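Given the structure is predicted, the values throughout are model-derived calculations rather than measurements. FYI, the numbering just counts along the sequence from 1.
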Amino acid sequence: MAQLPLCELTKDQRFEGFLLVRSADQRTGGNGAKYLDMNLADRTGEVNAKVWDGNVPPPVPGSVIKVRGGTLEYNGRLQLRVERIRDAVPADNVDLSTLAPCAPEPAEDMLGELQQTAGEFHNDDLKRLTQHLLKRFEEKLTYYPAAQRIHHAERSGLLHHTTGMLRLAKKVAEQYPWLNADLLFAGVILHDLCKTEEMDSDQMGVVRDYSREGLLLGHLVLGVTRIQEAANELGIHSEEVLLLQHMMLSHHGEAEFGSPRKPMFPEAEALHWVDLLDARMNEMQTAIAKLKPGVFSEKIWSLDRRLYRPQEGETAET
């Protein structure tokens, strides 16, 4: 019998099948008893799962497990109570393509969109720098997520985030034609490339941990370094190098979010807000999709708030 996709699960339903482990931790409840808390996924969605047995070791993130259990609703969100769990084995012949959450567009199409935009730059230095760095990170871009857990945490999620930002940036450039569009678009394309060095992801798009360079430096500093390396290799010494480096350092906007400098020219400011908007919309879309109409989510720590899913045209009772 075909495995039921997670997106079709409802309350009080039985489930048995193979799922991808996004995260797994052993925790201690208020009564002192240990339990296993997991986030499990297939390509259609993700579900929180609990194993109320403190003797079960947490499976490795990125691994595939077989689970059996039933669904329930907790604080308006679906939860899977797991009764049996085991690692998948080769004899199971699991089709991994059915398990990995992935971007809604083919990676090749999204990468091609970035390459085409860079090829249309009027500024030759920005064109050569952007094309050079896209080529350097091309292979990893096809499968890397944009984050471990927060936004665009999916196979090819980094491309999904970057192309979404690029499309927004093109609308911004139409509204404000006095902006240096080449500089803004180059900043968008390059701003998160070094997440491919900051995180350790497998080809399923599951991040197991952060790299040594990621923990010690982070993708902002790594981005500044890679831009300088590319400029040196290409013999580029124009101000555009410095401007791009500032955009790398400032695109998080505030020191508390990792940026040692606030944006100090309009293209850098636009990059910051386009980045924030695309990330927030993805976070909200992912959270809202797990709710029933008329229900509030639990507090989402990255947004510091609860979210509400409107009743989709229904009139609320007063």
Side-chain angles (χ1 to χ4, degrees), residues 20 22 41 43-46 62 96-97 99-121 126-127 129-173 182 184-208 210-211 214 218-220 222-223 226-227 230 244 247-248 251-252 270-286 289:
L20 179 71
R22 301 286 305 181
R43 67 177 301 163
T44 72
E46 189 169 322
L96 297 181
S97 68
L99 299 184
C102 57
E105 300 176 51
E108 296 75 15
D109 292 352
M110 294 186 288
L111 181 59
E113 186 173 337
L114 303 186
Q115 292 168 333
Q116 180 179 344
T117 297
E120 294 170 351
F121 288 170
L126 289 174
K127 178 189 292 188
L129 277 168
T130 305
Q131 289 179 327
H132 179 89
L133 287 166
L134 272 176
K135 184 67 176 177
R136 174 171 179 166
F137 294 101
E138 180 178 11
E139 194 269 330
K140 284 188 173 182
L141 274 174
T142 60
Y143 62 87
Y144 249 74
Q148 184 175 26
R149 289 189 180 91
I150 303 176
H151 68 90
H152 299 87
E154 61 196 4
R155 191 175 195 276
S156 308
L158 184 52
L159 279 175
H160 184 196
H161 176 45
T162 306
T163 52
M165 284 179 60
L166 185 60
R167 293 163 191 172
L168 279 173
K170 289 181 177 180
K171 296 297 183 182
V172 170
D182 284 358
L184 173 58
F185 300 162
V188 166
I189 292 170
L190 301 180
H191 84 290
D192 273 352
L193 279 186
C194 286
K195 283 191 172 182
T196 59
E197 296 183 287
E198 181 181 51
M199 301 182 294
D200 178 20
S201 173
D202 61 24
Q203 293 212 5
M204 297 282 284
V206 176
V207 175
R208 291 187 171 87
Y210 282 78
S211 67
H219 71 279
L220 278 70
L222 288 169
R226 300 302 172 238
I227 288 170
L244 280 176
M247 294 170 83
M248 297 304 102
H251 76 264
H252 284 185
L271 171 63
H272 163 60
W273 288 110
V274 166
D275 182 26
L276 186 63
L277 178 60
D278 190 70
R280 288 259 175 100
M281 289 298 101
N282 182 263
E283 287 181 72
M284 289 187 169
Q285 180 186 30
T286 300

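- Counting only heavy atoms from C-beta outward, the side chains of M248 and L220 never approach each other to under 4.5 Å.
- With sequence neighbours left out, the salt bridge (charged side-chain N to carboxylate O under 4.0 Å, His left out) criterion links E108 to no other residue.
- To the nearest 0.5 Å, atom CE of residue M247 and atom CG of residue L190 are 9.0 Å apart.
- Applying the side-chain contact (heavy atoms from CB on, under 4.5 Å) criterion to E46, with sequence neighbours excluded, gives R22, N39, A41, K290.
- In this structure, the separation between CD on E154 and OH on Y144 is 15.5 Å, given to the nearest 0.5 Å.
- In this view, M284 and M281, L303, R305, L307 satisfy the side-chain contact (heavy atoms from CB on, under 4.5 Å) rule, not counting sequence neighbours.
- The OG atom of S211 lies 13.0 Å from the NZ atom of K195; values are rounded to the nearest 0.5 Å.
- Inter-residue side-chain proximity for R226 and E197 is flagged as met; some heavy-atom pair is nearer than 4.5 Å.
- By the salt bridge (charged side-chain N to carboxylate O under 4.0 Å, His left out) test, D109 pairs with no residue at all, sequence neighbours left out.
- Between A186 and L126, the shortest heavy-atom contact is CB-CD2, 4.2 Å.
- In terms of the ring pair (Phe, Tyr, Trp, His ring centres under 6.0 Å) criterion, H132 has no residue partners (sequence neighbours excluded).
- For the pair L111 and T163, the minimum side-chain heavy-atom distance is 4.5 Å or more.
- Minimum interatomic distance between Y143 and D202 (heavy atoms only, all atoms of both residues): CD1-O, 3.3 Å.
- Closest of all the heavy-atom pairs between F137 and L193 is CD1-CD1, 4.0 Å.
- Side chains of D200 and Y210 form no contact here, defined as non-hydrogen atoms less than 4.5 Å apart.
- Relative ring orientation between H251 and H191 is described as perpendicular, the plane-to-plane angle rising above 60° on a 0-90° scale split at 30° and 60°.
- The side-chain hydrogen bond (donor to acceptor under 3.5 Å, both in side chains) check on Q148 picks up nothing, with sequence neighbours excluded.
- Heavy-atom minimum distance, E198 versus G218: OE2-CA, 3.5 Å.
- Among residues two or more places apart in sequence or in another chain, the side-chain contact (heavy atoms from CB on, under 4.5 Å) test is passed with V274 by M165, L168, V172.
- Residues in residues 270-281 take part in no salt bridge (Lys or Arg N to Asp or Glu O under 4.0 Å) pair, two or more places apart or across chains.
- Distance check: H219 NE2 to D192 CG gives 4.0 Å after rounding to the nearest 0.5 Å.
- With sequence neighbours excluded, the residues forming a side-chain hydrogen bond (donor to acceptor under 3.5 Å, both in side chains) with T117 are K170, listed by chain and number.
- For K140 (side chain) and T196 (main-chain N/O), a donor-acceptor pair under 3.5 Å exists by modelled atom type.
- Taking SG of C194 as the reference point, atom CD1 of I227 lies at 8.0 Å (rounded to 0.5 Å).
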Next on the checklist: Would L159 and L114 count as a side-chain contact (heavy atoms from CB on, under 4.5 Å) here? Give the steps.
Outcome noted: CA-CA 9 Å; L159 279 175; L114 303 186; 3.7 Å; yes

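- For the residue pair T142 and A107, the shortest heavy atom distance occurs at O-CB, 3.4 Å.
- Contact check for P104 versus H160: side-chain heavy atoms found under the 4.5 Å cut-off.
- Scanning for salt bridge (charged side-chain N to carboxylate O under 4.0 Å, His left out) contacts around K135 gives E138, with sequence neighbours left out.
- The line from CG of L141 to CZ of R136 is 12.5 Å long, rounded to the nearest 0.5 Å.
- For A146, the side-chain contact (heavy atoms from CB on, under 4.5 Å) partners are H151, H152, L158, H161, not counting sequence neighbours.
- Between L134 and Q131 there is no side-chain heavy-atom pair separated by less than 4.5 Å.
- The list of salt bridge (Lys or Arg N to Asp or Glu O under 4.0 Å) pairs with a residue in residues 110-120, not counting sequence neighbours, reads E113-R167.
- Annotation for I189 and T162: closest pair CA-CG2, 3.9 Å, computed over non-hydrogen atoms.
- Here the side chains of V207 and P145 are in contact, with some heavy-atom distance below 4.5 Å.
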